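Below is one structure, written out as structure tokens, with a few remarks after it.
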Amino acid sequence: VSLLDYCVGRLPASMVKPGPSGQAEESDLLHEAVVLLGFYCLQEPANQSILCYGEGQALLARLASLPLYYFMDERGKSILFPTILASCFKSEQNLEVLRSE
């Protein structure tokens, strides 16, 4: 959760044209963290259930509230959507969290 917060807080204004190299590295780190979460949840109900819990906003809710780049840009969609699918596949609990977001 802290890694996601760190990276999102330091994203460039435009994900398409990153600013200084540090921002590009943080964008790449966020992309890799999202992909890693997808592999972590893939067909593992115990791992999927972890995404529903957390202090404040659940990790799955944080994924759903990533910048619009992840919902509008083709590269962003190819990073986020497989992770959301892997985390919600056969998980009613995670689907409910997403519906409430």
Side-chain angles (χ1 to χ4, degrees):
V1 175
S2 295
L3 179 62
L4 288 179
D5 291 340
Y6 173 83
C7 292
V8 169
R10 286 161 179 75
L11 287 178
S14 170
M15 291 287 295
V16 178
K17 295 164 70 174
S21 65
Q23 288 179 333
E25 290 171 358
E26 289 159 346
S27 298
D28 291 341
L29 180 60
L30 179 59
H31 298 332
E32 293 301 321
V34 171
V35 170
L36 179 64
L37 281 172
F39 281 113
Y40 178 72
C41 292
L42 188 61
Q43 296 185 3
E44 290 292 335
N47 295 350
Q48 288 175 328
S49 66
I50 291 172
L51 295 184
C52 290
Y53 303 106
E55 292 182 23
Q57 194 177 26
L59 186 54
L60 185 57
R62 288 177 191 240
L63 285 174
S65 64
L66 284 174
L68 282 177
Y69 166 82
Y70 287 97
F71 297 92
M72 305 296 286
D73 186 79
E74 286 303 316
R75 181 170 183 240
K77 287 192 254 184
S78 70
I79 293 168
L80 178 62
F81 289 1
T83 296
I84 289 180
L85 287 172
S87 65
C88 293
F89 183 69
K90 295 184 180 179
S91 174
E92 288 297 322
Q93 189 177 21
N94 286 356
L95 286 173
E96 283 303 316
V97 169
L98 280 182
R99 283 187 191 118
S100 68
E101 289 299 311

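These figures come from a predicted structure and were not determined experimentally.
With sequence neighbours left out, Tyr40 forms a side chain to side chain contact (heavy atoms under 4.5 Å, CB included) with Asn47, Ile50. Residues satisfying the side chain to side chain donor-acceptor pair (under 3.5 Å) test with Gln43, not counting sequence neighbours, are none. Residues passing the side chain to side chain donor-acceptor pair (under 3.5 Å) test with Glu96, sequence neighbours excluded: Arg99. Judged as a side chain to side chain donor-acceptor pair (under 3.5 Å), and not counting sequence neighbours, Glu32 has no contacts. For Glu74, the salt bridge (charged side-chain N to carboxylate O under 4.0 Å, His left out) partners two or more places apart in sequence, or in a different chain, are Lys77. Checked against side chain to side chain contact (heavy atoms under 4.5 Å, CB included), Phe71 has the following partners two or more places apart in sequence or in another chain: Leu80, Phe81.
With contacts defined as side-chain heavy-atom distances shorter than 4.5 Å, the pair Tyr70/Leu30 qualifies. At least one side-chain heavy atom of Leu66 sits less than 4.5 Å from a side-chain heavy atom of Val34. Using a 4.5 Å heavy-atom threshold, the side chains of Gln48 and Gln93 count as separate.
Note that CD of Gln57 is 9.5 Å distant from CG of Leu63, once rounded to the nearest 0.5 Å. In this structure, the separation between CG on Leu98 and SG on Cys52 is 8.5 Å, given to the nearest 0.5 Å. Rounded to the nearest 0.5 angstrom, Leu42 CG and Leu85 CG are separated by 10.5 Å. Considering CG of Leu60 and OG of Ser49, their distance stands at 11.5 Å, rounded to 0.5 Å.
Residue Gly38 comes nearest to Ala86 through the heavy atom pair O-CB, 3.4 Å, listed as atom of the first residue, atom of the second, then distance.
Residue pairs meeting the side chain to side chain donor-acceptor pair (under 3.5 Å) criterion with at least one partner in residues 78-89, sequence neighbours excluded, are absent. Contacts classified as salt bridge (Lys or Arg N to Asp or Glu O under 4.0 Å) and involving residues 37-48 (residues at least two apart or in different chains) are not found.
Hydrophobic cluster of Tyr53: no remaining members, since no ILVMFWY side chain lies below 4.5 Å from it. With side-chain heavy atoms closer than 4.5 Å counting as contact, directly or through intermediates, the hydrophobic cluster containing Leu68 also holds Met72.
If you chain together hydrophobic residues whose side chains sit under 4.5 Å apart, Val35 and Phe89 never meet in one group.
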Checklist entry - Yes or no on side chain to side chain contact (heavy atoms under 4.5 Å, CB included) for Leu51 and Val97, after CA distance, side-chain angles and deciding distance? => result CA-CA 9 Å; Leu51 295 184; Val97 169; over 6 Å; no
